[in-house]
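I have placed the structure first, in the form of structure tokens, so that the comments after it can refer back to it.
Chain letters run A, B, ... following the sequence lines, proteins first and then strands; every chain starts at 1.
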Amino acid sequence: MGRIVELEAYIGQDDQASHARFGQTARNQVMYGPPGIAYVYLVYGMYDCLNVVTEPAGSPAAVLIRAVDPLEGMDRMRADRLAVEGRRRAARTDAGAALAGDRLARLPDQRLASGPGLVAAAFGLDRTWTGVDLCDPVSPLRLERLAADEVPDVDVRTTARIGVGYAGPDWAARPWRLAVAGHPAVSGPRSAR
DNA sequence: ACAACGATCAACT
DNA sequence: GTTGATCGTTGTC
């Protein structure tokens, strides 16, 4: 359990950074469905990324969850990350597995889900989670809204989205990445936090 | 059928 | 600042 501290918006077929830029396909079809549903995809052949579908059915859009500030269950997050990362070739040797385990044990809690691939790894998510209703209060993976008096008084900074240069200068420059200013769980270089 | 390319991360210089 | 790992999705032939 934790709080989302960084995300990116991908809105509509026109958005040349979005998976919907080629229209509806087998992979992105959940983006065309109702909002509040999980969309988990694989990037770079290695990392799963969690998105929340937004906008009404027929209007493809999603929000990529880029970083979470862990509040509870950090032991399980470490275990889930170890399970996910242990599958990779570099960690398949005894020495590699030991190294990965050491590194994880020393990792501060606030770095456990500090990046889109790490969010999915820390919560044990892969593509099979696509379609889960994140607004259902009994769902094993769900969003919860903070009560008004629990919302922390923080600055939210907007920047360009990360890793979308292929979209062209216009779409790549849109300030659709939102992050809690200065929060240690936010991903990327210190200058972008 | 095939080649190119990522909504990334960690290790290294 | 640079680079390798790794494979599903997509567009093209």
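The side chain to side chain contact (heavy atoms under 4.5 Å, CB included) check on A:Q29 picks up A:Q24, with sequence neighbours excluded. Here A:R81 pairs with A:E85 under the side chain to side chain donor-acceptor pair (under 3.5 Å) rule; sequence neighbours left out. Residues passing the side chain to side chain donor-acceptor pair (under 3.5 Å) test with A:D69 are A:Q110, A:H183, sequence neighbours excluded. For the side chain to side chain donor-acceptor pair (under 3.5 Å) test, no residue two or more places apart in sequence or in another chain qualifies with A:Y41. Evaluation of the side chain to side chain donor-acceptor pair (under 3.5 Å) rule for A:E144 yields A:R142 as partners, not counting sequence neighbours. With sequence neighbours left out, the salt bridge (Lys or Arg N to Asp or Glu O under 4.0 Å) criterion links A:D170 to A:R174.
Across the P atoms, B:dC5 and C:dC13 are found 14 Å apart, a figure rounded to whole Å.
Closest non-hydrogen pair, A:S187 versus A:A67, comes out as N-CB, 4.2 Å.
When DNA chain C is scanned in the 5' to 3' direction for atoms under 4.0 Å from non-hydrogen atoms of chain A, the outermost contacting nucleotides are C:dA5 to C:dG11.
For DNA chain C, the stems formed by at least three consecutive Watson-Crick or G-U pairs, with both atom-pair distances below 3.5 Å, span B:1-6 with C:7-12, B:8-12 with C:1-5.
Within the structure, every pair that satisfies the salt bridge (Lys or Arg N to Asp or Glu O under 4.0 Å) test and touches residues 10-27 of chain A, not counting sequence neighbours, is listed here: A:D15-A:R161. Residue pairs satisfying the side chain to side chain donor-acceptor pair (under 3.5 Å) criterion with at least one member in residues 127-138 of chain A, sequence neighbours excluded, are listed as follows: A:D126-A:T128.
Residue A:I11 is found in a hydrophobic cluster whose other members, listed by chain and number, are A:W171, A:W176; membership requires side-chain heavy atoms under 4.5 Å apart, directly or through intermediates.
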Contact pattern, 5' to 3', of nucleotides 5-13 of chain B - B, S or - by protein heavy atom under 4.0 Å: -BBBBSS--
